[in-house]
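Everything below concerns the one structure shown next.
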Protein chains: 2
Amino acid sequence: MTEDLMTIRQMCEAFDVTARTLRFYESKELLAPIRQGQKRLFTKKDRARLTLILRGKKFGFSLEEIRQLLEMYHMQDQQATQLKTTYELAQKRLAQLIAQREELDQVIQDLQDQIAWGYELMRSKNISIKSSDE
Amino acid sequence: MTEDLMTIRQMCEAFDVTARTLRFYESKELLAPIRQGQKRLFTKKDRARLTLILRGKKFGFSLEEIRQLLEMYHMQDQQATQLKTTYELAQKRLAQLIAQREELDQVIQDLQDQIAWGYELMRSKNISIKSSDE
DNA sequence: ACAAAGGTTTACGTTGACGTAAGTAAAACG
DNA sequence: CGTTTTACTTACGTCAACGTAAACCTTTGT
């Protein structure tokens, strides 16, 4: 049962990141692996956090922004004020994300139109298209 | 009719970017304003491109990636090979964008769940919530 | 016993995307 | 006609997010 602990190397392989990255995240207080002597041991909690970190990164959140969002996960006993602040911050983020999705829909539409246009252009020039396997 | 030309300062105000940014984009061949002596004059085409650049940036495209995508807009007379390459590149991008949208939907869902959880937590602690105007 | 494997800290290097400052030149205004 | 305004080039600075190298432990297999 005590074996939900992972070494740094195992983490690297599981999440496809470098050891440097994990140590860097720790230095920025995004992760807090426990220590066995010198060595880091990453818990389930660390893995959950890392998943969120990597997900956040895909959408252009800075590490500092991610750090703030991560706080929300562990505020059970914190002060009310801070909780409320984070709650409001989360609301703002949500609004941003929804706006971002609308824009993304637009970008996808634009690109699809362009592809259709390019397709016609290619047809008119008799360029064979095929899939891509030569 | 020759007045779809804008100075750098006008561009800055219209798009809320700095002059440095516009010159930087030119140096990276993302923009190609015409010159009147030393001075840059930005055409409608430049503005269309800048719109796309800024839009692309919102979704984490690097300037180099954006540059490649921009090529598609002006390939009318180019070689077929290049056209085909770009066409395929656009297809890949499209797939990426759609995947990104799916992930974004997931992030939005997660955040909404968290907000609901935080809301309950706050209710249980009798923290007043209100809108935010106070 | 000892070398290879895996881990550590410390610290300088790098890349992308600009910021910022210095020093000119041209143009528009009072 | 002098002086602000606007713009230009050149070039060094910056910040985030790591990469990379050096120098060092410690365990583990043979």
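Chain A is the first sequence line, chain B the second, and so forth, proteins listed ahead of strands; every chain is numbered from 1.
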For atom CG of A:Leu22 and atom P of D:dG19, their distance in whole Å: 10 Å
D:dG19 phosphate, OP1 or OP2, under 4.0 Å from A:Thr18 side-chain N/O: yes
Distance, rounded to the nearest Å, where A:Leu63 contributes CG and D:dC15 contributes C1': 12 Å
Residue closer to the 5' end of DNA chain D, B:Ala19 versus A:Phe24 (nearest nucleotide): B:Ala19
Of B:Ser62 and B:Lys39, the one whose closest DNA chain C nucleotide lies more 5': B:Ser62
N/O donor-acceptor pair, side chain A:Arg20 with base D:dG19, under 3.5 angstrom: yes
Atom-pair distance (CZ on A:Arg23; P on D:dG19), nearest Å: 11 Å
Atom CD of B:Gln10 with >12 non-hydrogen neighbours under 6.0 angstrom: yes
Nearest-angstrom distance from the residue atom CG of B:Leu31 to P of C:dA17: 14 Å
B:Thr7 or A:Glu64, whichever maps to the more 5' nucleotide of DNA chain D: B:Thr7
side-chain N/O B:Lys57 vs C:dC18 OP1/OP2, d < 4.0 Å: yes
Shortest non-hydrogen contact from A:Leu63 toward A:Ile53: CD2-CG2, 4.4 Å
Protein-nucleotide distance (B:Gln38, atom CD; D:dA7, atom P), rounded to Å: 13 Å
With A:Thr7 via side-chain hydrogen bond (donor to acceptor under 3.5 Å, both in side chains) - residues at least two apart: none
Rounded distance (Å) that lies between atom C1' of C:dA26 and atom CD of B:Gln36: 11 Å
Under-4.0 Å side-chain N/O to phosphate OP1/OP2 contact, B:Arg9 with D:dA7: yes
Residues B:Arg40 and B:Glu26 bridged, charged N to O under 4.0 Å: yes
Nucleotide D:dC18, atom P - distance to CD of A:Glu26 in whole Å: 15 Å
Residues, nucleotides or ligands: over 12 heavy atoms within 6.0 Å of B:Glu64 CD: yes
Spacing between B:Met6 atom CE and D:dT6 atom P, to the nearest angstrom: 15 Å
Under-4.0 Å side-chain N/O to phosphate OP1/OP2 contact, A:Tyr25 with D:dA17: no
